[in-house]
2 protein chains.
Amino acid sequence: MQEQRASDDRTDASIVEIDGEPIDLLALENQVCFALAVAARGVIGVYRPILEPLGLTHPQYLVMLALWQRSPRTVRDLGAALQLEPATLSPLLKRLEAQGYLTRQRSTKDERALDVELTPSGRALREQALGIPPQVVDRLGMTLEELGSLRDRLGEVIDAVQRGER
Amino acid sequence: MQEQRASDDRTDASIVEIDGEPIDLLALENQVCFALAVAARGVIGVYRPILEPLGLTHPQYLVMLALWQRSPRTVRDLGAALQLEPATLSPLLKRLEAQGYLTRQRSTKDERALDVELTPSGRALREQALGIPPQVVDRLGMTLEELGSLRDRLGEVIDAVQRGER
DNA sequence: TCACAATCATTAGTGTACTAATTATTAGCT
DNA sequence: AGCTAATAATTAGTACACTAATGATTGTGA
């Protein structure tokens with residue numbers, strides 16, 4: 001049970017030089033994916049107590065945002081908007097239906113598709129949701145400029161990811 | 001079943017002006033949390049096929065990164081480094097143990113704590129892992145400068161989240 | 001038209017990720 | 001020393017999120 005560190009290796013192949021500075025490619029703190037995962041979990045954690053009064057989880061909140069923009073829409077359409085698999089949405093939508101925020105029924109035009117539609121209760125929930133973004137911004141203590149710039153940069157990453165899918 | 005749009009409301013309280021431009025606070029595409037979630041899922045998805053030959057999921061890969069930096073270390077220590085609950089790590093570590101990459105045994109100094117230690121196999125895996133960051137960078141088609149800058153900005157968000165926890 | 005491929009949603013199975021409750025051990029106080 | 005609080009890990013329960021397989025419907029080409 002002896003202490004072992006990567007730095008014990010004199011010729012560690014994970015060390016590269018960037019601008020004359022040695023960078024460890026396998027160091028946790030240098031991983032963009034780690035920063036992304038922690039930031040996403042952290043921000044979703046900020047939403048948790050704020051969404052709690054509405055009875056929504058964060059993914060459910062995103063579905064409601066999508067439906068407030070257009071309703072009814074199909075599961076596949078929601079999946080395209082939210083970048084989620086239908087298999088993920090299926091049980092999630094059932095929970096929102098159980099909450100009374102939406103209805104699920106087969107499309108008349110195409111019996112394969114399922115139309116997801118807001119109920120009056122679901123539409124009314126939007127009024128309460130108006131207070132959420134300000135609460136989050138306030139809680140984070142960041143400016144709208146910082147947040148907007150971050151969102152744009154994340155958009156570039158999302159584009160980079162999608163460019164490689166075919 | 002009538003089409004309904006938020007924009008039907010003439011006096012929509014979710015529309016604010018920033019730099020004279022009208023911004024919808026509840027529009028999906030304006031949410032930083034949505035961009036974060038999609039980017040994180042997307043980037044983790046990029047890792048999936050790259051990690052597959054090593055038999056690791058992305059969270060498992062992060063655990064290995066942490067152990068390559070220091071081993072042995074306790075579950076709690078790993079949780080602090082990875083920002084994960086012990087309840088999340090517990091089953092994850094059992095899977096890595098089943099894979100033969102680490103051992104789990106009670107600390108002799110403190111019988112409450114569990115020492116997680118790399119096996120020779122787990123230590124050897126690091127050689128294969130050296131190829132992962134270059135593959136990811138190549139697949140994303142982004143420069144190291146862009147990625148480094150993004151990582152730093154994500155660090156600011158993580159700090160903002162943690163500032164509010166007590 | 002009619003076999004067959006494509007599409008849509010669901011289910012099954014696995015793996016995070018959280019909170020709350022539980023068990024075991026240690027530390028601290030009097 | 002002994003009671004109590006605190007700490008470490010696990011378990012239980014819920015909810016995503018993915019891939020693969022399934023069932024139902026629709027579209028298409030010979």
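Note on naming: letters A, B, ... go to the chains in the order of the sequence lines (proteins, then strands), and numbering restarts at 1 for each one.
Look at CZ on A/Arg48: it is 12 Å from C1' on D/dT14, rounded to the nearest Å. Nucleotide D/dT19 holds its P atom 13 Å from the CD1 atom of B/Ile44, rounded to whole Å. Rounded to whole angstrom, the span from the CG atom of B/Leu114 across to the C1' atom of D/dT7 amounts to 14 Å. The interatomic distance linking A/Glu85 (CD) with C/dC8 (C1') rounds to 13 Å, in whole Å. When rounded to the nearest whole Å, the span between CG of B/Leu84 and P of C/dT19 equals 12 Å. When the C1' atom of D/dA17 is taken as reference, atom CG of A/Leu78 falls 16 Å away, rounded to whole Å. Protein atom CG of B/Leu36 is 13 Å distant from nucleotide atom P of D/dA17, rounded to whole Å. For the pair A/Lys109 NZ and C/dT7 C1', the computed distance is 16 Å after rounding to whole Å.
Looking at B/Arg73, its side chain does come within 3.5 Å of a backbone N or O of B/Ala66 through a donor-acceptor pair. At distances below 3.5 Å, not a single donor-acceptor pair connects side-chain atoms of A/Ser107 with backbone N or O atoms of A/Ala113. In this structure a side-chain-to-backbone donor-acceptor pair under 3.5 Å is present from B/Thr119 to B/Tyr101.
Closest approach to the A/Arg95 side chain among C/dA24, C/dT7, D/dA15 is made by D/dA15 (side chain taken as heavy atoms from C-beta onward). With D/dA20, C/dT25, D/dT25 as the choices, the nucleotide that has an atom nearest any side-chain atom of B/Asp110 turns out to be C/dT25. Nearest nucleotide to the A/Thr57 side chain, out of D/dC16, D/dT19, C/dT10: D/dC16. Checked against D/dC18, D/dT10, D/dC16, the side chain of B/Pro86 finds its nearest nucleotide in D/dT10. The nucleotide whose nearest atom lies closest to any side-chain atom of B/Glu111 is, among D/dT10, C/dT25, C/dT11, C/dT25. Which of C/dA9, D/dA17, D/dA9 sits closest to the side chain of A/Ala113 comes down to C/dA9.
Proximity of A/Arg106 to the phosphate of C/dA9: no side-chain N or O atom is located under 4.0 Å from OP1 or OP2. Listed pair B/Arg76 / D/dT7 fails the phosphate criterion, with no side-chain N or O lying under 4.0 Å from OP1 or OP2. Neither OP1 nor OP2 of C/dT16 sits under 4.0 Å from any side-chain N or O of B/Thr88. An OP1 or OP2 oxygen of C/dT10 is reached within less than 4.0 angstrom by a side-chain nitrogen or oxygen of A/Arg104. For the pair B/Gln60 and C/dT16, the criterion of a side-chain N or O lying under 4.0 Å from OP1 or OP2 is met. Contact annotation: A/Ser90 side-chain N/O to C/dT10 OP1/OP2 distance is under 4.0 Å. Distances shown here put every side-chain N or O of A/Arg112 at or beyond 4.0 Å from the OP1 or OP2 atom of D/dA24. In terms of phosphate contacts, A/Lys94 brings a side-chain nitrogen or oxygen within less than 4.0 Å of OP1 or OP2 of C/dT11.
When the nearest nucleotides of DNA chain C are assigned to A/Leu93 and B/Leu92 by heavy-atom distance, the more 5′-ward of the two goes with A/Leu93.
A perpendicular orientation is assigned to the rings of A/Tyr61 and A/Trp68, their planes being inclined by more than 60° (bins at 30° and 60°).
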- [ ] Apply side chain to side chain contact (heavy atoms under 4.5 Å, CB included) to the pair A/Thr57 and A/Leu92, showing each step before the final yes or no.
- [x] CA-CA 10 Å; A/Thr57 64; A/Leu92 195 157; 5.6 Å; no
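Contact annotation for B/Thr74: backbone-only contact, meaning every heavy-atom pair under 4.0 Å involves sugar-phosphate atoms and none involves a base. A/Leu89 comes within 4.0 angstrom of nothing in the nucleic acid, heavy atoms only.
A side-chain donor from one of A/Ser149 and B/Arg153 sits under 3.5 Å from a side-chain acceptor of the other.
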